[in-house]
Enquirer: 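Here it is: the structure, laid out below.
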Amino acid sequence: QQQVRQSPQSLTVWEGETAILNCSYEDSTFDYFPWYWQFPRESPALLIAIRPVSNKKEDGRFTIFFNKREKKLSLHITDSQPGDSATYFCAAGYTGANTGKLTFGHGTILRVHP
Amino acid sequence: GALVYQYPRRTICKSGTSMRMECQAVGFQATSVAWYRQSPQKTFELIALSTVNSAIKYEQNFTQEKFPISHPNLSFSSMTVLNAYLEDRGLYLCGASYWGNYAEQFFGPGTRLTVL
């Protein structure tokens with residue numbers, strides 16, 4: 001059973017639009033949710049992260065909305081730029097004894113057209 | 001700042017041979033090191049998690065006999081892919097983190113393994 005699911009698999013938006021990437025998880029004991037982005041031929045880089053004590057985390061044009069009851073979260077990218085085109089991975093992890101163990105979704109490929 | 005280096009960046013090995021890859025944390029103490037594999041067209045699979053003062057925990061489908069890991073200090077870890085075959089090809093990532101920073105994981109650039 002896949003622990004972390006992402007949708008859509010791919011998403012295309014025009015420059016300036018808001019892109020919405022979705023993520024859901026199974027294990028209610030996850031307590032750390034980072035989003036990574038990965039550009040072609042590069043390793044993933046941390047974009048933004050949230051813990052369940054909050055239902056929203058904002059960093060510039062990137063915002064995570066978190067719904068603990070439904071075990072869902074989403075990443076909103078406002079005023080999308082062509083440079084935002086990348087694969088976005090939602091991950092889930094722990095802050096206790098299993099710190100450092102992340103479970104990744106399969107990613108959403110985002111394309112922003114100028 | 002926190003940086004993670006991996007070596008080599010790319011490697012090619014013949015089927016049935018083994019290769020070792022290294023991971024070094026700079027600027028912080030890596031109390032946990034996780035090794036992942038990203039196979040072509042796939043997401044990141046956790047191979048094992050190594051935490052200081054604890055036994056290395058391997059995920060299902062990965063074993064110590066196939067992917068032995070060493071984590072001798074708070075700045076270095078290595079993993080060997082023994083008896084590599086085609087299905088072992090992919091990008092191997094080292095993710096290092098430390099206590100007290102909410103599990104934020106810093107990834108190295110990866111070692112891309114090609115098996116001929």
Side-chain angles (χ1 to χ4, degrees), chain A residues 1-10 21 23-27 29-54 57 59 64 66 86-109, chain B residues 1-6 9-10 23 25 28-60 62 71 74 77 90-112:
Chain A
Q1 184 183 20
Q2 192 175 340
Q3 289 289 321
V4 177
R5 293 189 178 88
Q6 288 185 249
S7 65
Q9 273 190 310
S10 64
L21 289 67
C23 180
S24 64
Y25 61 97
E26 296 292 327
D27 186 350
T29 65
F30 285 136
D31 61 357
Y32 174 67
F33 300 90
W35 284 83
Y36 287 84
W37 55 353
Q38 184 181 30
F39 297 97
R41 294 175 297 282
E42 293 187 13
S43 62
L46 179 66
L47 178 61
I48 187 173
I50 194 169
R51 294 191 67 207
V53 293
S54 304
K57 177 76 175 290
D59 185 357
I64 299 175
F66 183 77
T87 301
Y88 290 77
F89 291 94
C90 171
Y94 310 92
T95 54
N98 281 319
T99 291
K101 176 179 176 178
L102 293 176
T103 300
F104 285 82
H106 280 76
T108 293
I109 300 171
Chain B
L3 293 172
V4 177
Y5 294 98
Q6 285 189 251
R9 294 291 301 274
R10 293 180 178 274
C23 172
F28 68 105
Q29 294 184 322
T31 50
S32 290
V33 174
W35 287 92
Y36 299 84
R37 178 175 69 194
Q38 185 182 34
S39 302
Q41 308 306 319
K42 289 188 177 180
T43 189
F44 301 94
E45 295 178 279
L46 177 64
I47 297 171
L49 176 67
S50 174
T51 303
V52 170
N53 299 325
S54 295
I56 298 172
K57 298 177 185 175
Y58 285 83
E59 293 295 295
Q60 196 174 10
F62 297 97
H71 188 184
L74 294 175
S77 177
L91 179 68
Y92 287 80
L93 288 170
C94 161
S97 55
Y98 58 96
W99 289 104
N101 197 32
Y102 303 116
E104 181 177 348
Q105 203 155 99
F106 300 96
F107 283 98
T111 294
R112 188 166 296 281

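All chains are named by letter (A, B, ...) in the order of the sequence lines, taking the proteins before the strands, and each is independently numbered beginning at 1.
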Enquirer: Which pair of heavy atoms, one from B/Q105 and one from A/K101, lies closest together, and at what distance?
Expert: NE2-N, 4.1 Å
Enquirer: Could you tell me whether the side chain of B/Y36 and the main chain of A/L102 form a donor-acceptor pair under 3.5 Å?
Expert: yes
Enquirer: Would you mind checking which part of A/P44 comes under 4.5 Å of any heavy atom in chain B, side chain (CB onward), backbone (N, CA, C, O), both or neither?
Expert: both
Enquirer: Are more than 12 heavy atoms from other residues, nucleotides or ligands located less than 6.0 Å from atom CZ of A/F39?
Expert: yes
Enquirer: Kindly compute the distance separating CZ (A/R41) from CZ (B/R112), expressed to the nearest 0.5 Å.
Expert: 9.5 Å
Enquirer: Students often mix this up, so state it plainly: with edges at 30° and 60°, are the rings of A/Y36 and B/F107 parallel, tilted or perpendicular?
Expert: perpendicular
Enquirer: With rounding to the nearest 0.5 angstrom, report the CD to CZ distance, B/Q38 to A/F89.
Expert: 5.0 Å
Enquirer: Considering only heavy atoms from C-beta outward, does the side chain of A/E42 approach that of B/L91 to under 4.5 Å?
Expert: no
Enquirer: With a 4.5 angstrom heavy-atom cut-off, is it the side chain or the backbone of B/E45 that approaches chain A, or both, or neither?
Expert: neither
Enquirer: Give me the atom names and distance for the closest heavy-atom approach of B/T43 to A/H106.
Expert: CB-CA, 3.7 Å
Enquirer: What's the spacing between B/Q6 CD and A/S43 OG if we round to 0.5 Å?
Expert: 7.5 Å
